[in-house]
Amino acid sequence: MTGYQDIDFEGSGRRLRLETIIRLRWLAVAGQSITVIVVGLWLDFPLPLMPAAVLIALLAAVNFFLAVRFSPTHRLTPAAAFRLLAFDLCQLTALLFITGGLANPFAPLVCVPVIISSSLQPIRFSLPLGLLSVLGITALAFTPFPLPWFPGTVLVVPPILTAGFWFAIVSTTAFAAFYSYRVSQEAAELSDALAATELILQREKHLSQLDGLAAAAAHELGTPLATISVVAREMERELGTDDRFREDVQLLRSQSERCRDILRRLTTLSAADEAHMRVLTLSSLLEEVLAPHREFGIRLNLVEIGERENEPVGNRNPGILYGLGNLLENAVDHAREEVTITVSHTAERVTIVIEDDGDGYAADILQRIGDPYVTKRQRDERAGGLGLGLFIAKTLLERSGAKLTFANRTGDRPGARVSVDWPRARMEAKTAK
């Protein structure tokens with residue numbers, strides 16, 4: 001057991017927690033003990049009780065040592081987890097080896113350590129563990145110990161059936177391990193992408209709050225600057241005839257007045273722009289989205305269907321601004337000459353359609369758009385967004401109540417088409433928050 005003393009159980013992220021392994025092992029100890037007692041004592045099948053008890057006791061002793069020696073909140077490094085899972089696999093294989101090998105109905109349990117490893121471990125540790133399990137399963141096929149059975153009767157398993165057991169267990173282990181690996185990877189990617197989404201949204205909210213911070217700074221600094229200005233005038237009255245201080249006092253007063261003018265402009269700017277910053281019409285929202293993309297050599301054609309007098313009005317929503325901005329950025333990146341933005345609104349719906357004259361979406365990519373890390377439109381090496389950025393944009397827009405549809409333009413016009421559609425009441429309700 002001294003070999004475990006050098007294991008570093010510190011870790012983070014998706015690493016296995018020691019407490020999880022300990023609990024699973026106690027469950028294994030209980031299950032193995034109950035099985036041996038039922039088979040050897042209750043059913044009275046001939047069973048190597050002493051070797052089986054030693055193997056179970058060894059697992060229990062190592063588990064007890066780990067529970068006492070290390071805090072359960074520690075997480076296993078990949079190397080430490082590999083060693084512990086390999087030990088569990090060897091212990092279970094040895095117990096099955098002396099109790100019938102592949103004929104034992106509990107033989108498929110050898111896949112459990114491999115599945116646990118493939119769910120949370122790097123593949124460089126899961127593959128060796130998988131190979132170790134195949135070696136163990138192969139050894140079980142050649143065990144000289146018969147399956148515990150009724151006294152006086154030897155259960156002979158035909159070789160062809162043993163080969164079938166071997167193939168079934170190996171294929172089950174491989175399939176289950178691969179499935180758990182893929183599910184775990186997709187869950188991790190989705191979790192990382194959602195975390196990035198939250199960071200982007202927080203950044204946009206912080207930018208929206210800068211105007212309020214400027215007004216607050218102007219308000220807080222106004223009083224001390226007024227005091228400095230009053231003191232400067234008094235000093236100028238008292239020392240204005242003294243050549244030693246006249247220029248310095250005049251400079252002090254002029255600079256304090258300059259600071260007050262700057263703060264006055266900030267306050268005026270904040271008050272004048274408050275409605276613009278907090279309340280946006282649909283046309284103002286679109287202008288704010290389009291403005292950063294007008295200088296890239298791509299024509300931006302804005303087509304408005306409907307009167308501006310009846311357009312939606314709501315409070316500034318950083319999620320909508322960022323989401324539409326990202327969709328427009330992708331369109332500009334992939335367009336040849338122009339991007340068309342069509343806006344329509346009725347009493348029930350608000351729709352924004354962004355079209356470009358680029359190559360459009362590849363058929364396989366079109367079905368996966370919105371998933372994290374989809375990085376290409378066509379099967380070329382052209383750089384562009386449509387990776388995590390598009391996932392974030394889609395997530396933020398859907399939070400606002402929008403439904404997104406990605407497609408290629410029809411007819412003889414090449415290019416991509418993205419439609420963003422809100423129920424009008426839902427959009428205004430969301431932007432009003």
Side-chain angles (χ1 to χ4, degrees), residues 190-212 273-293 300 302-306 308 310-332 339-356 368-374 385-407 416-433:
L190 184 61
S191 176
D192 293 341
L194 288 174
T197 301
E198 294 296 334
L199 290 175
I200 290 293
L201 186 56
Q202 287 298 321
R203 176 180 175 273
E204 293 297 318
K205 288 182 177 178
H206 290 161
L207 290 176
S208 299
Q209 294 168 355
L210 288 179
D211 179 69
D273 288 355
E274 184 176 359
H276 171 72
M277 293 297 293
R278 296 186 179 180
V279 179
L280 289 178
T281 61
L282 180 60
S283 56
S284 298
L285 182 146
L286 287 170
E287 181 58 33
E288 187 167 340
V289 171
L290 266 63
H293 305 284
L300 300 181
L302 178 61
V303 180
E304 297 184 73
I305 302 175
R308 285 196 175 186
N310 300 319
E311 64 181 337
V313 179
N315 283 351
R316 181 186 182 89
N317 187 320
I320 293 178
L321 289 169
Y322 179 86
L324 291 176
N326 186 271
L327 295 179
L328 183 60
E329 180 182 354
N330 282 307
V332 170
V339 173
T340 302
I341 303 94
T342 305
V343 185
S344 63
H345 54 85
T346 65
E348 293 80 24
R349 314 294 301 180
V350 177
T351 303
I352 299 175
V353 179
I354 301 174
E355 298 176 297
D356 64 70
R368 297 181 53 218
I369 286 180
D371 290 345
Y373 311 109
V374 176
L386 291 187
L388 189 56
L390 182 57
F391 169 82
I392 293 173
K394 183 172 182 290
T395 301
L396 294 176
L397 290 171
E398 287 177 344
R399 281 185 180 182
S400 72
K403 178 181 179 182
L404 279 73
T405 304
F406 298 89
R417 183 178 189 272
V418 183
S419 174
V420 188
D421 181 74
W422 290 269
R424 177 164 177 154
R426 179 74 183 274
M427 182 184 182
E428 289 184 321
K430 284 290 182 182
T431 54
K433 288 184 178 180

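Along the sequence shown, residues carry numbers from 1.
For the atom pair L397 CG and N326 CG, the distance stands at 9.0 Å (nearest 0.5 Å). Between the CD atom of E288 and the CG atom of L321 there is a distance of 5.0 Å, given to the nearest 0.5 Å. To the nearest 0.5 Å, atoms CG (D356) and CG (L328) are separated by 10.0 Å.
Using a 4.5 Å heavy-atom cutoff, the side chains of I352 and L286 are in contact.
Shown here are the side chain to side chain donor-acceptor pair (under 3.5 Å) partners of S283, two or more places apart in sequence or in another chain: T281, E311. T340 is linked by a side chain to side chain donor-acceptor pair (under 3.5 Å) to nothing, counting only residues two or more places apart in sequence or in another chain. Scored by the side chain to side chain contact (heavy atoms under 4.5 Å, CB included) test, S344 finds I305, T351 as partners (sequence neighbours excluded). Shown here are the side chain to side chain contact (heavy atoms under 4.5 Å, CB included) partners of P423, two or more places apart in sequence or in another chain: R349, R426.
Between W422 and G401, the shortest heavy-atom contact is CD1-C, 3.8 Å. Scanning both residues, H345 and V350, for their nearest heavy atoms gives CB-CG2, 4.2 Å. Closest heavy-atom contact between V353 and S419: CG2-OG, 4.0 Å.
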Exercise. What's the verdict on side-chain contact (heavy atoms from CB on, under 4.5 Å) for L404 and E398, showing C-alpha distance, side-chain angles and the deciding distance?
Worked result: CA-CA 8 Å; L404 279 73; E398 287 177 344; 4.2 Å; yes

For this session: Start with the C-alpha distance between V289 and I341, add both sets of side-chain angles, then the distance that settles side-chain contact (heavy atoms from CB on, under 4.5 Å), and finish with yes or no.
Result: CA-CA 11 Å; V289 171; I341 303 94; over 6 Å; no

For this session: Give the intermediate values and the outcome of side-chain contact (heavy atoms from CB on, under 4.5 Å) for residues L324 and L285.
Result: CA-CA 10 Å; L324 291 176; L285 182 146; 3.6 Å; yes

Problem set entry | Steps toward side-chain contact (heavy atoms from CB on, under 4.5 Å) verdict (N330, I354) | CA-CA 10 Å; N330 282 307; I354 301 174; over 6 Å; no

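With respect to the salt-bridge test (charged N to carboxylate O, under 4.0 angstrom), the residues R417 and E355 qualify.
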